[in-house]
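Before any comments, here is the structure.
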Amino acid sequence: MSQQKVDQYKKEKYGRKKQIEREKRERLLYSIAGCIIAVGLVVWIGFSVYSRVEANRPVSYTEVNIDAVSDYLSTLN
C-alpha cells in the first residue's frame, strides 16, 4: 500500500465511531419523524371519516310549547 492509502485509511478509521453515531442518530430521527407523520395521517383520516358519518346522521328536533310559562310570567307583572 502506498503511504497515501495508509494515511487515508487511518483518517477514516479515526472518524468511524463519530460517523456511525451520526448515522444512528439520523436513522432515529427519520424513524421518529416517520412515526409522527403516520400518526398524524391516521388521525386525519379518522377525523374525516367521523365528520362524514356525523354529517349524514339524521337530526331529531323536539318542539317545546312554552305558552304556559309565558302566561305565568305575564301574570307576575
The side-chain contact (heavy atoms from CB on, under 4.5 Å) partner of Val69 among Asp71, Asp67, Leu73 is Leu73
_Transitive ILVMFWY side-chain link Tyr61 to Val64, under 4.5 Å_ = no
### Query
Can you check whether Gln3 reaches Asp7 side chain to side chain, under 4.5 Å on heavy atoms?
yes
| said: If you count heavy atoms of other groups shown closer than 6.0 angstrom to CD of Glu26, is the number above 12? | reply: yes
Quick check on Ile66: does its CD1 atom have over 12 non-hydrogen neighbours (other residues, nucleotides or ligands) under 6.0 Å away? no
Starting from Leu28, can I reach Ile36 by hopping between I/L/V/M/F/W/Y residues whose side chains sit under 4.5 Å apart?
yes
Discussion item. With clusters defined by side-chain heavy atoms of hydrophobic residues (ILVMFWY) lying less than 4.5 Å apart, directly or transitively, does Val53 cluster with Tyr50?
Written reply: no
When rounded to the nearest 0.5 Å, the distance separating CZ of Arg16 from CD of Glu12 is 7.0 Å
dist Phe47:CZ -> Glu54:CD (nearest 0.5 Å) comes out at 10.0 Å
**Prompt:** Crowded around Arg57 CZ? As in, over 12 foreign heavy atoms under 6.0 Å?
**Reply:** no
